[in-house]
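Worksheet: one structure, shown below.
Just so you know, ligand 1 is whichever comes first in the structure, and atom 1 is the first atom listed for that ligand.
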Amino acid sequence: MSDEALRKHLEELSAALREHNYRYHVLDEPVISDIEYDRMLAELRAIEEEHPEWITTDSPTQRTGSQPSARFVKVTHPASILSLANAFGETDLRAWFERIARLDERVARTRFVAEPKLDGLSIVLHYQDGLFVQGATRGNGEVGEDVTANLRTLRSLPLRIPAKPGGPQPPADLYVRGEVFFYKADFEALNKRQAAAGGQIYQTARNTAAGTLRQLDPSITAARPLALYVYNIVAADGRLPATQWETLDYLRQLGFPVAAESRLCAGLDEVLAAYAEWKETRDQLPYEVDGMVVKVDDLGLSDDLGVVGKDPRAAIAYKFPAIEVTTQLHGIGVNVGRTGVLTPYAMLEPVEIGGVIVRQATLHNFDFIAEKDIRVGDRVLVKRAGDVIPYVIGPVLAARSGAETPYVPPQVCPVCQQPVEHIEGEVAWYCINSACPEQLVRNIEHFVSRSTLDIVGLGIKIVEQLVQAGLVKDVADLYSLTREDLLQVEGFADKKADNLLVSIQTSKTRSLAQLIYALGIRGVGDVVAQMLARKYRNLDQLATAGMDDIDDIEGIGPSIAEAITDWFSKPANQRVLAKLKAAGFWPQSAPPKAPSGPQPFAGQTFVITGTLPSLSRKEAQQLIESLGGKVSGSVSAKTSYVVVGEDAGSKLDKARELGITTLDEEALKALAGAG
Ligand code: IVH
């Protein structure tokens with residue numbers, strides 16, 4: 001490349017990096033992966049090393065981290081909060097080792113600590129005489145933002161140390177560094193709650209953690225379960241452990257959460273072995289990791305090795321292969337689910353993500369495509385995390401050529417060609433043709449799956465064959481299949497047919513809750529099915545229950561109640577029920593236990609709203625029910641009491657409007673005790 005072309009390339013790289021930096025730190029909306037960003041930065045750095053005369057003060061290589069925002073009080077850290085250099089492969093890691101070994105002969109003999117590199121947000125916690133007094137974000141490494149109030153809401157953050165009885169006394173002044181993140185399960189649950197409330201779906205756990213920690217209203221932070229791990233002592237007065245391994249143990253003894261996966265490695269070979277193992281098992285970890293941090297164990301040696309720019313020489317981030325990459329979006333396909341819901345998916349230029357070739361990724365729903373303005377032909381950012389289906393994060397706008405075509409959602413079901421429908425208040429579009437063959441196959445697949453009726457030997461291929469042959473037109477037809485029927489189907493011989501017939505027969509012993517769940521009513525998962533089976537003895541009772549009666553069950557709202565009554569009102573479904581009954585599959589649930597003890601709340605209806613100080617919703621409900629009271633989801637003139645906790649919403653307004661007595665938790669307990 002000529003100097004002129006190289007210079008031009010440098011300027012383009014700088015401009016692109018500046019934009020990505022802004023998107024990441026200011027907007028919390030990255031369009032490329034961290035790894036791609038790091039690669040571009042490394043390329044820029046390499047050019048600048050060749051041509052130091054081209055370095056400008058505003059080059060992205062000349063700063064690390066983001067500036068603190070003006071909204072929070074600034075906190076000056078007691079020491080620089082350093083960052084880490086990256087190694088993208090074994091060659092990089094060995095080069096790092098050789099570099100520091102040349103600087104100090106002790107490196108050849110030192111041990112290393114390998115720690116999971118949590119994909120979260122760096123924070124610094126300050127303790128005075130064992131009390132948590134302040135917590136700050138990393139900011140630009142020198143000055144961060146005071147997020148004490150938000151950090152206090154983290155359950156795993158010790159507000160006083162030693163948090164464990166009998167633990168060592170902490171130094172009078174102690175600054176600890178750690179990472180704030182979401183457990184994968186908590187992040188998924190948060191998104192489920194968001195979806196149920198019709199709210200925004202969060203794309204990346206890391207950005208959501210950042211946004212959550214920087215909420216001006218700590219009650220928002222409190223409602224989202226952030227987690228914490230610590231790994232460093234930034235500053236302290238008094239004697240401290242001499243090695244990193246002892247530091248982790250010391251922090252653990254003080255009662256801090258410390259990653260249990262961390263390992264002490266005798267030398268570089270053990271580090272490489274641990275890396276190989278973690279790379280394979282990282283999907284099974286309960287949190288997301290983007291690599292392994294390798295640290296020189298001897299802290300005296302670490303200090304002596306010093307710092308280059310913002311990176312300590314004694315540690316390095318050994319990254320895992322990308323799980324976020326960009327690739328071309330060739331087209332958008334549409335799947336039909338068992339409830340008829342249409343789900344768009346991306347047809348991608350095949351790409352490797354974390355060791356797996358990905359060709360398709362979910363696009364969530366049609367609103368998502370419109371909101372992100374995803375167009376066919378776009379370069380898109382795709383992520384694969386854990387065992388979830390890969391998903392598209394968004395388009396890379398900078399890569400648009402103008403030849404991309406906006407996407408128009410289908411007006412008819414792609415399988416049966418019947419018009420699709422939108423349900424008020426929901427983002428999804430549905431194929432409402434109950435005879436749609438794709439829906440039928442998905443319905444049967446759900447009906448027989450392990451979590452519902454567990455009919456062994458009825459995989460998706462066989463279900464498709466049975467539907468195609470016209471032998472099964474609804475789920476109840478399974479119970480009238482004969483040996484002769486099955487023998488017509490390709491691949492069935494006597495034994496296989498008999499086995500399947502036996503497992504179909506056996507499924508008739510399943511419980512009412514399992515059958516309700518298996519029917520595939522919209523919004524009725526296993527938990528709701530259990531609630532229904534507790535209230536109604538059999539499907540006759542459920543089929544004739546009114547919407548209000550179902551809505552009265554705590555945990556079931558009006559939209560699910562409506563979906564249930566709707567389902568039972570459809571003639572096609574009534575035919576299914578009649579066939580199930582005729583086949584002798586009509587489970588009954590056990591009657592409720594006879595009340596024991598005094599029933600002072602008998603005949604009274606309670607509504608619980610907001611968060612109670614000590615009782616969970618469920619506990620409060622159990623308390624009321626154990627004393628003979630009923631708990632309902634909505635306030636009406638029939639409500640006897642409304643139990644009010646923190647952040648109570650419209651139900652409290654309604655109670656006031658209707659003049660219904662309100663109780664706080666204490667008053668409820670008093671009433672229960674007095675009764
Ligand atoms: S040590 C001098 N250890 O990764 C200490 N960092 O890419 C430098 N990180 O800013 C950091 N897990 O936010 C360290 N076990 C761990 C870590 C960790 C995650 C983050 C940290 C840091 C970033 C550097």
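Of the protein's heavy atoms, Y231 CE2, 3.5 Å lies nearest to atom 17 (C) of ligand 1. The protein heavy atom nearest to atom 3 (N) of ligand 1 is K295 NZ, 3.0 Å. For atom 13 (O) of ligand 1, the closest non-hydrogen atom of the protein is E179 OE1, 2.8 Å. Closest to atom 2 (C) of ligand 1, if we only count protein heavy atoms, is P312 CG, 3.5 Å. Looking only at heavy atoms of the protein, atom 15 (N) of ligand 1 is closest to E115 OE1, 2.8 Å. The nearest heavy-atom contact from the protein to atom 12 (N) of ligand 1 is L118 N, 3.3 Å.
In N232, the part holding a heavy atom less than 4.0 Å from any atom of ligand 1 is the side chain. Of all the heavy atoms of K117, the ones lying under 4.0 Å from any atom of ligand 1 are found in both the backbone and the side chain. Of all the heavy atoms of P116, the ones lying under 4.0 Å from any atom of ligand 1 belong exclusively to the backbone.
One side chain, E349 or H330, offers a donor N or O that lies under 3.5 Å from an acceptor on the other. Residues Y183 and E188 bring no donor and acceptor atom of their side chains to less than 3.5 Å of each other. Between the side chains of Q215 and N150, no donor-acceptor pair of N or O atoms lies under 3.5 Å. Side-chain contact of E115 with Q244: a donor-acceptor pair under 3.5 Å is present, judged by distance alone.
Remark: I32 CD1 to M40 CE distance equals 5.0 Å, nearest 0.5 Å. How far CG of L44 is from CD of E49: 10.5 Å, rounded to the nearest 0.5 Å.
Distances from ligand 1 to the non-hydrogen atoms of A317 include no value under 4.0 Å.
Of the polar atoms of S83, none of the N or O atoms is found under 3.5 Å from an N or O of ligand 1, judged by distance alone. Between R177 and ligand 1, a contact under 3.5 Å exists for at least one N or O pair. Considering backbone and side-chain N/O of S122, one or more are found under 3.5 Å from N/O of ligand 1. For ligand 1, none of its N or O atoms has an N or O atom of N86 under 3.5 Å away.
Two rings, from F256 and Y250, have their centers 6.0 Å or more apart. Ring-centre distance between F181 and Y229: below the 6.0 Å cut-off.
A 6.0 Å sphere centred on CD of E646 holds no more than 12 heavy atoms belonging to other residues, nucleotides or ligands.
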